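Since we're looking at a predicted model, the values are computed, not measured.
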Amino acid sequence: MEEKRKIQKPKYNMWQNTGFMLRNAWETNKSVIFLCIALAVITASRTIAELFITPVILHKLETEVPVLELVQVIIILSLILLILSGLKAYIDTNTLFGRIGVRMKLVEQIGNKLAETSYPNILDTEFIKTEEKARRAVSSNDRAAEHIWAIWTDIITDVLGFFFYLMLLSNLNPLLAGVVMVTTAVGYLINKRINEWGYRHKEEEAAYDKSLGYIQDTATGREYAKDIRIFGLKGWLDDLWHSTIKLYQAFLARREKVYLWANVVDILLTLLRNGIAYAYLFSMVLTEDMSASQFLLYFTAVSGFTQWVTGILNQFSILHKESLELTVIREFLEWPEPFSFENAQPLQKAEKYEIRLEQVSFRYPHTDKDTIRGIDLTIHPGEKLAVVGLNGAGKTTLIKLICGFLDPTQGRVLLNGIDIRTYNRRDYYALFSAVFQDFSVLEANVAENVAQQTKEIDEKRVWGVLGQAGLTDKIRALPDGIYTRIGRKVFEDGVELSGGETQRLMLARALYKDGAILTLDEPTAALDPIAENDIYMKYHEMSAGKTSLFISHRLASTRFCDRILFLENGRIAEEGTHEKLLSQGGGYAGLFEIQSRYYKEGGAHDGE
């Protein structure tokens, strides 16, 4: 399977990708297209003008024209060159802004795709690799998403010059055109095949890039700084970096050896074309009555003609390689979405929502067993449901299935009796307010983090949910209250919250959204027992009238819930209230006893 991926053909060719870029330019900044053509015409015109300057002056000298006429000709030709050069410089500078705009539009599309894609895609390693390569293709001015305009400018310039020189040289012998056509076609086909090597080995290169990026992020990231110093990881990271660099350099050496053959082909074809053309031209000098000015004109034209042909060949080869990058961008933007969005059935609002799981099983990609197996579960409107169990029991996966982040590999998840796969998934997400284990604190102020928006923020409501989450005193003590910025990656005056404070902030955010279903995935994991108890005491108030899903390792939290699910090996092993499960003396009771003993022993120790 790996070998098959290496030899797959690009999904789009360079003509299709050129059309893709033209459509983007037309929608973003039409001037990019017209300036590209204008720049090519002016560049070709300037080169053609340069071709005639010396032969024309030499012809005037041969015909012994008056000095004043000679000076006038030189001034006119110089002015033409000056005007063309000025226009080229002006357009060359001003076209840059439009080209950047088109590239930034693609950057925006890639960002939107990543932000809005179905959740399972972000778990797919192939999707992640393609996203990384697409980002590289739009990362700078000299990458394909912008540089393609420079390539097409050169191609159009070369084609215009080619046809003009072809008409000029056709006065000598049409066979020259035939030689050029044949060598050009042969060279293009050979170069096209050679330059596809990079696409066929793109997975290998992406793996090296990913490894180097990870090592660099780890070595320079603040979150790893303490571990690197305490455990002396610098030497280990250096070894990893250098060993990966050596492998990457070996890969690049292999690639350049392959690409070298493209240059060899260019050289051989150039020698063949030049040899034939020069031989014929010299024969014309020896056998025909050709003036010095004509000889110079055709001699320069032959040299320039071969350069136009070589330029066309080289630029199309480069265009083909850059087309491979554009193909990656399009593959990412067109990546299939397993979930339904805008074109799906809209979700109708209801007073109450019942969620039912029917024989639900789920297996993560590339694993050999199910994480969740054959679960039947009904979550009643307004019910407070706790999901507990040891690590790896499937708690978080179950919540992801209920929240619609994952679809079952078997079975169905129903909302009020309708399979959630028929709904616009974003409508379904709108039902949930959630606090997950992985925080998503933004570099913004407190109010914006709570409201998750920058305009029309209800300050009173922000303070209310901060109070429910137990953060009022902390936020009032900050320099600018709820307008204090969080984080120091963007703002130098930003503050950094502790783990427990961050969890409370995330809880406030969930409360501000006020979704119909509240989901708390280990919301007190970073809190001390006293703070944890404070959150639990408020749990009834926060979840009043709402369907609530609560995941926890600490079973003390479960006593506040109407029903508890004890998961074991991906199944519901026990189910009931806190008191009922304790009375059964099963796995839940045993785990609760161990945790109770820990807190009792800890308390006794603290007392001593």
Side-chain angles (χ1 to χ4, degrees), residues 100-101 103-104 107-108 110-112 114-116 122 131-132 135 138-140 213-231 233-234 237 433-515 520-528 530-532 534-535 538 542:
I100 292 175
R103 176 168 62 87
M104 295 310 296
V107 171
E108 180 183 349
I110 291 171
N112 288 339
L114 186 62
E116 297 174 358
I122 66 174
E131 182 262 335
E132 292 171 349
R135 284 195 181 278
V138 298
S139 60
S140 63
Y214 173 77
I215 297 170
Q216 182 178 9
D217 291 344
T218 301
T220 58
R222 291 181 61 189
E223 60 269 36
Y224 303 105
K226 297 189 293 293
D227 297 283
I228 290 173
R229 287 158 176 76
I230 290 294
F231 295 102
L233 301 180
K234 180 180 181 299
L237 289 172
S433 292
V435 179
F436 298 110
Q437 295 181 47
D438 300 324
F439 303 142
S440 56
V441 181
L442 304 178
E443 297 281 319
N445 63 46
V446 174
E448 290 169 342
N449 267 284
V450 172
Q452 290 292 281
Q453 59 192 56
T454 58
K455 298 179 181 179
E456 300 180 357
I457 298 175
D458 187 338
E459 294 186 21
K460 183 178 180 181
R461 189 173 167 194
V462 169
W463 282 113
V465 296
L466 288 172
Q468 286 183 280
L471 271 180
T472 301
D473 293 341
K474 172 65 182 180
I475 301 305
R476 289 194 184 281
L478 295 177
D480 298 311
I482 60 173
Y483 294 104
T484 302
R485 294 162 172 167
I486 299 176
R488 294 177 181 171
K489 293 181 180 179
V490 177
F491 306 108
E492 293 183 0
D493 61 345
V495 301
E496 293 185 334
L497 303 178
S498 68
E501 290 167 346
T502 303
Q503 280 190 319
R504 290 177 181 272
L505 183 68
M506 294 299 96
L507 181 57
R509 185 176 72 176
L511 295 172
Y512 187 94
K513 181 182 178 183
D514 195 28
L520 305 176
D521 186 357
E522 297 287 349
T524 60
L527 301 181
D528 58 68
I530 296 177
E532 179 186 37
D534 178 53
I535 289 290
K538 295 179 179 179
M542 290 186 295

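- Listed by chain and number, the residues in a salt bridge (charged side-chain N to carboxylate O under 4.0 Å, His left out) with Arg229 amount to none (sequence neighbours excluded).
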Task: Audit row: Tyr512, Ile457, side chain to side chain contact (heavy atoms under 4.5 Å, CB included) steps and yes/no - done: CA-CA 10 Å; Tyr512 187 94; Ile457 298 175; 4.2 Å; yes
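- Not counting sequence neighbours, the partners of Asp514 by the salt bridge (charged side-chain N to carboxylate O under 4.0 Å, His left out) test are Lys546.
- Taken from CG in Asp473 to CG in Leu466, the straight-line distance is 11.0 Å, to the nearest 0.5 Å.
- Residues Leu511 and Arg461 come closest through the heavy atom pair O-NH2, 4.4 Å.
- Under the 4.5 Å side-chain criterion, counting only non-hydrogen atoms from C-beta, Trp463 is in contact with Arg476.
- When all heavy atoms of Gly481 and Val446 are compared, the pair lying nearest together is O-CG2, 4.2 Å.
- Note: Lys513 NZ to Gln452 CD = 9.5 Å, rounded to the nearest 0.5 Å.
- Contact detail for Val490 and Glu443: the closest heavy-atom pair is N-OE1, 3.3 Å.
- Shortest non-hydrogen contact noted between Val462 and Val465 is O-CG2, 3.2 Å.
- Looking at heavy atoms from C-beta onward, Leu507 lies in side-chain contact with Leu520 at the 4.5 angstrom threshold.
- Between the side chain of Asp480 and the backbone N or O of Tyr483, no donor-acceptor pair lies under 3.5 Å.
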Open item on the list: Between Val441 and Asn449, is the side chain to side chain contact (heavy atoms under 4.5 Å, CB included) condition met? List the steps.
Closed with: CA-CA 7 Å; Val441 181; Asn449 267 284; 3.8 Å; yes
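- Within 6.0 Å of atom CG in Asp493, more than 12 heavy atoms from other residues, nucleotides or ligands are found, so the atom counts as buried in its surroundings.
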Open item on the list: Determine whether Leu505 and Val450 satisfy the following criterion, side chain to side chain contact (heavy atoms under 4.5 Å, CB included), listing intermediate values before the conclusion.
Closed with: CA-CA 7 Å; Leu505 183 68; Val450 172; 3.7 Å; yes
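- The distance from atom CG of Asp227 to atom OG1 of Thr218, rounded to the nearest 0.5 Å, is 10.5 Å.
- Considering all non-hydrogen atoms of both residues, Gly470 and Arg504 come closest at CA-NH1, 3.5 Å.
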Task: Worked verdict on Gln503 versus Val435 for side chain to side chain contact (heavy atoms under 4.5 Å, CB included) - done: CA-CA 8 Å; Gln503 280 190 319; Val435 179; 5.7 Å; no
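- Nearest heavy atoms, Glu496 versus Arg222: OE2-NH1, 2.9 Å.
- Surrounding OH of Tyr214 are at most 12 heavy atoms belonging to other residues, nucleotides or ligands under 6.0 Å away.
- Counting heavy atoms from C-beta on, the side chains of Val107 and Ile110 never come closer than 4.5 Å.
- Side-chain atoms of Leu442 and Glu448, non-hydrogen and from C-beta on, never get closer than 4.5 Å to each other.
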